[in-house]
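Chain naming here is simple, since letters A, B, ... match the order of the sequence lines and numbering starts at 1 in each.
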Amino acid sequence: MDSTLLTWITFIPLIGTAVIMCLPQRALGAVKVVSLVATFIPLVLATVAYVGFDKTTEQMQLVANVPWISGLGVNYHVGVDGLSLPLVWLTTLLLFIGVPASFGIEKAGRAYYALLLLLEVGIVGVFVSLDYFLFYVYWEIMLLPMYFLIGIWGGPRREYAAIKFFLYTLAGSVLMLVALVALRLSSGTFSILEMVDMAQAGALTGANLPFGGVLLGMKFTTWVFWFLFVAFAIKVPVFPFHTWLPDAHVQAPTPISVILAGILLKLGGYGMLRACFPIVPDAFRTFAYALGVLGVISIIYGAFVALGQTDFKRMVAYSSVSHMGYVLLGFAALTEWGMSGAALQMFNHGTSSAALFLVVGVIYDRAHHRDLNGFGGLSQPMPVYWGLTTVAFFAALGLPGMAGFVSEALTLVGAYDSADPRFRILVLLSVIGIVITAGFLLWAMQRVFLGSLNEKYKDLPDINLREILCQAPLLFLCVALGIFPHFLLDWMEPSVRHLVGLLGGAG
Amino acid sequence: MDFLHFSPETDFKLLLAVPLIPLIGYVVQVFFGRFLPRKGDWLLTGGMGVSMAIAVLMLAKVLHEGGGEHGGGGFFQLSSDAGLSWAWLYQSGKAAVSPLNLEVGILYDGLGAAMLAVVGVVSFFVHLFSIGYMKGDRRYHLFFANISLFSVAMIGLVLADSLLVLFIFWEIMGLMSYLLIGHFSHDQSTPFFQRWATWASKKAFLTTRVGDCCLLIGMMMFWQHYHTFEFVDLWRLANEDVARNGGEWPMWMTIAGLFIFGGTVGKSAQFPLHIWLPDAMAGPTPVSAMIHAATMVAAGVFLLGRTFPILSPEVLAVVTATGAFTALFAATIGVTAFDLKAVLAWSTISQLGFMVAAIGTGGIGLVAGLFHMVTHAFFKSCLFLSAGSVIHGCHHEQDMRKMGGLRTRMPLTFAAMGISTLAIAGIPLFSGFYSKDKIIQAAFTKTSLEFSGAAVFAAVALPIAAALTAFYMFRMMFMTFGGTYRGEVAEAHGHGHGHDEHDDHHDHELVHSEDGGIAPGHPGPLPVESSWPMTVSLLCLAALGFLGGKFWLADFDVLAHHAPWFVRLVSPETLYPGVELMNGYGHAITHEMVEHAEHTAHTLALVVSLLVAGLGIFGAWWFYGARKASPERVAAALGEVYRTVARKYYVDEFVNATVIRLTHLLAHVQRWFDENVVDGIVVGVGRANRSLGFLQAWFDRTVVDGLVNGTAAVTQLFGSLARLFQTGRIQQYVTFAVGGGLIAAAWLILA
């Protein structure tokens, strides 16, 4: 396949942005069409890439590598493997869904769609970058549109949420930048793959730096590990770095929440796999158990806090914290099942949480509030909406037969099987999270849809066709991947196996 | 009979059709059901009928193949042996053949064959019954869709060849029970049921999910040691392990076994996770029939049958004790219930206790427990559907105190319910007798061979529970069908005798009754018999409840000269072929001793079970038939004891006060912690930074800027000084230059 394919996927939305900026402010219809086209083509291209992917190798595919800033040794180096390609595809899908989901937004539509497309450039860019400098550039590109999308089109406290989001993530970026510079100085390259190779050869210890590999009593690799880990953990978000998330979600407009939960959180997990753990594998192994503990705290704590919420969207936001905890637990266990489960969980959470935020969006558009106690009996005026919500809820609580179950079960079984027996206790604890998750989802279901009908809402219109069409592909994936998980696992397997090997884990 | 020959290649594909037909039906029904004529009920009922036919045909094949004249060869087939299995997680690359992959296949043996047929039959008749019973319901088409998928889940569970696949269907069944118990939670017209169904469905799902999580943990523990979920491998590996260990069961296996049993405790409603089942009757009665007979609760017992070889003797002792306690505990509550369906619900819990206790005793008990699962499925589904028919006839009245005299008004329902009651009470010739008698025999056998606390408890508790069963079941019969009709008669609403018209029930404003939480009915005309789909279902199931204990499809051995048909299919040897069970009696006890003990126990059990059944029936007749003593006075005399039992020993209240409240408290504490501490730190850091910013701004304004300004001032000063010299006169400049040069030169030379 053509090595420019990834570049096209990345930059077609940018062309869309440029076209939109040339359109007159009034031509909102044309803007929408351009946005649809500019997100649909990448989806098609990503599907082409997915179908044409060679599932037998862990090598990077569709690689393009040309010098960019030759003075610094920065290359435009892109490529995908089984870990990044599913996430690229998910990104293009969610952005494509995000456009029609935004059709209700009236305010400054042109700028909104332009920023939305710019966001896609940043996200896809991060997933395909194999050069650390490029990775960082895309990481920062993505931040800016998100800031504006929350800060301009958000809810009443949008400025607070946007600034909190921006500063929090920026703090992470600074840590990443410091680690990046340190790595560049130590390794002499920006190539992530070369860094990984050096780390495998034991050459990336910072011994060539002035301080000789030990700084303030801590090893260079330990410093790098924690800097990078915190940078990515903020994005995941891992307890205790998660508090920007509920605020950002609650204030963000629905499609932005969908993208935020569906993909942006995955950047954190993906960043760990691509640009943190394999570069400093020894440090990772040293702290794997601590990571597992953080993961389990996220699972249980997120679930309990979600149970305590009265705002529908905040509840869903905290459920994300809980679900992303599995990702960290799966990574830390360092078994093939754990890692596969975690990688799968990233994808599956992308579909199920996106579906949940769409669910919240539908009701917010109609009732203009999100208070879980302010509804009741909505299954009667809105039976189709209730049916779709049921599917989304049960996908989120990991019902077998749905995608979430496969990833959670693989993660838990893989973690239980870890070489480190202490993980068994973690798995036993995380089971509490499963029950509580079922609890808060069913309780929400009861308060919103069941029970006696709130008279105020007895004439609410049911979910409309546009909303159904946004929801349908996500729910389809939730069910289909629960029955046929090999459509992801086969693609991921060589890369996962390779990664587990790099990190020094057993199969 | 050639067609009765089992050929794996074709027959496994045929077996696959059993769940697939209703599954396809479900999908069609969900999307297009409301557009189909009659809202698609014929489609799903017909589909289930075909599934039932296949399941029964398969059972006939299995009986032909394996069930020889006296228990014979047994039958055991794995689809993976016939090359029919499906790679689930990976289908290409190295992983497709690695042990990490999960192969999904079918395990079809005597137990599976029997259970599959039972599920097919019960489910079909429940479908048929629902055509009459659910008529006029506003979510009629969805009801049929859901109940079909409910059956699919159970069928899948029965056919599963590995613990993980079983778990998948196990959980799907949990979902369907949630949706079906909550069926009325969408129905505004019956506020009582709406409220009840809403929380009952949630309660059922969450309570069973606690058990499900236990099962998941147990599965993980076994996976970690053997890296397989397949039953056949687990049985073999675990028992080989124990054999290598000199017959000692490792600690982890006991713990894992207890966790697996936790799954049964949840699904099969054993103490203390039984609390969901009585409330599950908030769903429509056909759903109760499904839950109490062929699905849900049977799944837990089935799981025990599938995992029996990997349960250590310690686990089995716990299983016996839990089952026996539950049997007795629930039976006492059943005696005090006035809600017709509640009596049946508590009796289900009690009967499940029998099954679980029996399986815990192992050997003959395993067979007896599983056998009781099968016979119980027939008569309990019939009992529930009969109760539905009665409630339907009595205008949604469920309180037995407001019934009576229905014997003549609903003769077919009376016949069906009567037969089933005789079966559950354990009267000879009726199916329940055979299985219950065997259970008591198993308890006695176990006690005489191995004197342990659990076995003795079971041997004492089970006969008492059996007596109570006979008592409360006949109490129910006398209260419902005996005497005269005590309901309020009113020629209301001018709708004549059209009892098929459901609408009037929905128009009626039902009032929430605090009176023991019994769903209230409303006055109506005198009850009459239900419509034909209902009565046909009742009578067919009643016939099976009568015959199910002994008749053998192939030769109609009604008089049961031989062992019951099930016992020919299922024995520990045929169920787990090639596995040397290590959880039986020790080496000290020989085969002859076991046979002798079984023989002795058999006579004793026969006498005891006849005695307790007779005693229970006589008691019921004494109090409720002949009314020679007033049950109210006995209740009053018992005082607080009676109240405690009637309030179900306050288990619900206890759970509410501890677990539920603690969970909510934890949620609120953590929410507070999150908003004030975790986020507080973040916001605090932000504030601190901002304050620092202000501080720096001040510093900038006063100090830095001051410095700058100061610098400027100093510069100015210097400037003014310089201005003194910058006069613009050449001579002066030259003078300065020369002078400066001289000074510099002097400094350079001198230094």
Relative to chain B, which segment of [X] carries a heavy atom at a distance below 4.5 Å: side chain, backbone, both, or neither?
X	result
A/F241	neither
A/Y160	side chain
A/W386	side chain
A/S430	neither
A/S418	neither
A/L410	side chain
A/Y301	both

Do you know which of [options] has the most heavy-atom pairs with chain B at a distance under 4.5 angstrom?
options	result
A/L453, A/L488, A/T56	A/L453
A/A438, A/P494, A/S340, A/G414	A/A438
A/Q309, A/K55, A/K164	A/Q309
A/L442, A/L167, A/V305	A/L442
A/F449, A/F440, A/Y318	A/Y318

Below 6.0 angstrom between ring centroids: does that apply to A/F394 and B/F205?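 Yes; B/F205 has its ring centre under 6.0 Å from that of A/F394.
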Less than 6.0 Å separating the ring centroids of B/W223 and A/W337?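 Aromatic pair counts; centres sit under 6.0 Å.
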Within a strict 4.5 Å, meaning less than it, do heavy atoms of the [X] and [Y] side chains meet?
X	Y	result
B/R671	A/L307	no
B/M221	A/Y416	yes
A/I434	B/D212	no
A/Q380	B/R138	yes
B/K202	A/M445	no
A/V406	B/L89	yes
B/V678	A/H242	yes
B/L666	A/I436	no

Ignoring hydrogens and angles, tell me if any N or O in the side chain of [X] forms a donor-acceptor pair with the backbone of [Y] under 3.5 Å.
X	Y	value
A/D490	B/Q91	yes
A/W244	B/D679	no
B/R209	A/V435	no

Please look at [X] and chain A and tell me whether the side chain, the backbone, both or neither of the residue comes under 4.5 angstrom of a heavy atom of that chain.
X	answer
B/W170	neither
B/L164	side chain
B/V683	side chain
B/F229	side chain

Enter the distance from [X]:[atom1] to [Y]:[atom2] here, rounded to the nearest 0.5 Å.
X	Y	atom1	atom2	value
A/L412	B/C213	CG	SG	9.0 Å
A/T390	B/Y178	OG1	OH	7.5 Å
A/L428	B/M220	CG	CE	6.5 Å
B/L102	A/H486	CG	NE2	13.0 Å

What heavy-atom pair brings A/F304 and B/A667 nearest, and what distance separates the two atoms?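 Between these two residues, the closest heavy atoms are O-CB, 3.3 Å.
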Might you point out which heavy atoms bring B/I168 and A/F405 nearest each other, and give the distance in Å?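 Looks like CG1-CE2, 3.6 Å.
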Can you tell whether the side chains of B/D674 and A/R314 come within less than 4.0 Å, N to carboxylate O?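 Salt bridge: no.
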Determine the option with the most heavy-atom pairs under 4.5 angstrom with chain A, choosing from B/W199, B/F259, B/F167, B/W672.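 Of B/W199, B/F259, B/F167, B/W672, B/F167 has the most heavy-atom pairs under 4.5 Å with chain A.
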Under a 4.5 Å cutoff for heavy-atom pairs, which residue among B/I172, B/V682, B/V685 has the most contacts with chain A?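 Winner by heavy-atom pair count: B/V682.
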Could you walk me through whether A/D417 and B/H227 pass the side chain to side chain contact (heavy atoms under 4.5 Å, CB included) test, one step at a time? CA-CA 9 Å; A/D417 204 18; B/H227 278 219; 2.7 Å; yes
Over 60° means perpendicular and under 30° means parallel, so classify the ring planes of A/F239 and B/F673, tilted if in between.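 Because their plane-to-plane angle is under 30°, the rings of B/F673 and A/F239 count as parallel.
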